[in-house]
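Order of appearance sets the numbers: ligands from 1, and atoms from 1 within every ligand.
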Amino acid sequence: MTLDNIKEEIDKAGTIVIVTHENPDGDAIGSSLAMYIMLKNIGKQVEVIIPEIPKTFNYLPYINEVKTKGSIEKHDLAISVDCSDIKRLNGFSEYFENAKKTISIDHHSSNTMFGDINYVNPVAPATAQILVSMFQYWKIEITKEIGTCLITGIITDTGGFKYATVTHETFDFASWLLQNGIHISQIYENCMQVISKSRFELTKIAVDRLEFVEDGKIAFTYINKEDEKLVNADIGDHEGIVEQGRSVEGVEVSIFLRETDKGYKVSCRSTNDVNVVDICSIFGGGGHARAAGCTLPYSLDIARDKIISETKKHL
Ligand code: AMP
Ligand code: MN
Ligand code: MN
């Protein structure tokens, strides 16, 4: 059983490193930290490496122990959480590649199975929910700190418990946390509700520019580097913009483009039947049926044309 094999590798390892995907979201950070705290609690020598963390997640326990550089080059074991593809480990893939043994724990349907051991459940609403059952199976105590990190991953990846991916296990866990004195509403407010002024201003620009194509079935908007400079945007301030278009009646796919050094990063969300991972995979990206992404190394106009024409084929 894969779960037993994973535990065996953890027990054997002298040094462990945890990594996750670039532009990390709440699930990436929450799952990494939950794994980190759990491993520390059972006495392992472990480090967690995450390049850039949005300030939103400063409330998470042990966030100050996250490193941007590993202290050793070759760990006995590397664990990747919430990452579908080794390319998305970005500049930090070296820690994964150099490790003697590698494990990938994830919920992306597009996972490329890049670890020596892969534990991928594409129907899980968040990697954090996979960790809940994993820790339960191993009979490891889910402390308040671990619970806070896990529920953060679940809340953020389910849009605040609202996506169809939510299962009864999601609410069982939330209920268990409440019974154990964890303030879900406070965590919810921290990761979903409160946004910085810059983030608000950036959203305003994108909403103002939002256009509807194909009889209102596609919502499209973008932000470029200039916009981010104008509002003094911080890491992660673009998160959630794509949800604006998705909420409008009649929209089947919402597309949001953000200028990066590699071109335009695409975020796609769908409301009903369109499988956006199929669209993004064509351009080398991935994700889930209702939320996916890719990067288009072109100018804004060309990127817009390419992603909209491909989306039209899937309506
Ligand atoms: P985003 O639009 O960046 O919030 O991403 C939506 C979902 O697609 C998340 O689960 C991401 O992890 C995944 N995703 C985004 N971009 C890529 C990519 N280039 N390759 C694979 N998965 C991606
Ligand atoms: Mn993620
Ligand atoms: Mn996730």
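- A salt bridge is absent between Arg199 and Asp234; no separation between the charged side-chain nitrogens and carboxylate oxygens falls under 4.0 Å.
- Between Ser110 and ligand 1, no pair of N/O atoms sits closer than 3.5 Å.
- In terms of polar-atom proximity, Glu239 is not counted as a contact of ligand 1, lacking any N or O under 3.5 Å from an N or O of the ligand.
- Between the side chains of His107 and Asp82, at least one donor N or O sits under 3.5 Å from an acceptor N or O.
- Contact atoms of ligand 1 toward Gly285: 18 (C), 19 (N), 20 (N), 21 (C) (distance under 4.0 Å to a heavy atom of the residue).
- Among Glu243, His288, Glu252, Arg290, the one residue that satisfies the side-chain contact (heavy atoms from CB on, under 4.5 Å) test with Arg269 is Glu243.
- Atoms of ligand 1 found under 4.0 Å from any heavy atom of Cys294 (numbered from 1 in listed order, with element): 16 (N), 19 (N).
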Check step by step if salt bridge (Lys or Arg N to Asp or Glu O under 4.0 Å) holds for Lys7 and Asp11.
CA-CA 6 Å; Lys7 186 64 172 45; Asp11 289 341; 3.0 Å; yes
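- By the criterion of a heavy-atom distance under 4.0 Å, neither the backbone nor the side chain of Lys87 is placed next to ligand 1.
- Close approach to Gly287 involves these atoms of ligand 1, each under 4.0 Å from a residue heavy atom: 8 (O), 13 (C), 22 (N).
- The aromatic rings of Phe92 and Tyr95 lie parallel to each other, with less than 30° between the two planes, well short of the 60° mark.
- Here Lys204 pairs with Glu201 in a salt bridge; the nearest charged N to carboxylate O distance falls below 4.0 Å.
- Ion pairing of Lys229 with Glu226 is absent here, as no side-chain N (NZ or NE/NH1/NH2) approaches a carboxylate O to less than 4.0 Å.
- Considering only non-hydrogen atoms, atom 12 (O) of ligand 1 lies nearest to Arg88 out of Arg88, His21, Arg290.
- For ligand 1 and Ser84, the ligand atoms under 4.0 Å from any heavy atom of the residue are 21 (C), 22 (N).
- For the pair Lys306 and Tyr298, the distance from NZ or CZ to the six-membered ring centre is under 6.0 Å and the angle to the ring normal is within 45 degrees.
- Taking 4.0 Å as the cut-off between side-chain N and carboxylate O, Glu22 and Lys265 do not count as a salt-bridged pair.
- The nearest N, O or S atom of His107 is closer to the Mn ion (ligand 3) than 2.8 Å.
- Electrostatic pairing of Arg88 and Asp106 does not count as a salt bridge here, judged by no charged N lying under 4.0 Å from a carboxylate O.
- Of the N or O atoms in His108, one or more lie within a sub-3.5 Å distance of an N or O in ligand 1.
- Of all atoms in ligand 1, numbered sequentially from 1 with element shown, those under 4.0 Å from a heavy atom of Ser267 are 1 (P), 2 (O), 3 (O).
- Annotation for ligand 1: atoms under 4.0 Å from non-hydrogen atoms of His288 are 10 (O).
- Defined by atom type and a distance below 3.5 Å, a donor-acceptor pair is missing between the side-chain atoms of Gln129 and Thr158.
- For atom 21 (C) of ligand 1, the closest non-hydrogen atom of the protein is Gly286 N, 3.1 Å.
- Under 3.5 Å, the side chains of Asp4 and Tyr137 contain a donor-acceptor pair of N or O atoms.
- Side chain to side chain, Tyr36 and Glu65 meet the donor-acceptor criterion of an N or O pair below 3.5 Å.
- Looking at residues two or more places apart in sequence or on another chain, you find no side-chain hydrogen bond (donor to acceptor under 3.5 Å, both in side chains) involving Lys217.
- Annotation for ligand 1: atoms under 4.0 Å from non-hydrogen atoms of Ala291 are 6 (C), 7 (C), 8 (O).
- Within a radius of less than 2.8 Å around the Mn ion (ligand 2), the protein N, O or S atoms are His21 NE2, Asp25 OD1, Asp25 OD2, Asp82 OD2.
- Scanning all protein heavy atoms for the shortest distance to atom 6 (C) of ligand 1 gives Arg269 NH1, 3.5 Å.
- Checking only distances, Lys265 does come within under 3.5 Å of ligand 1, N or O to N or O.
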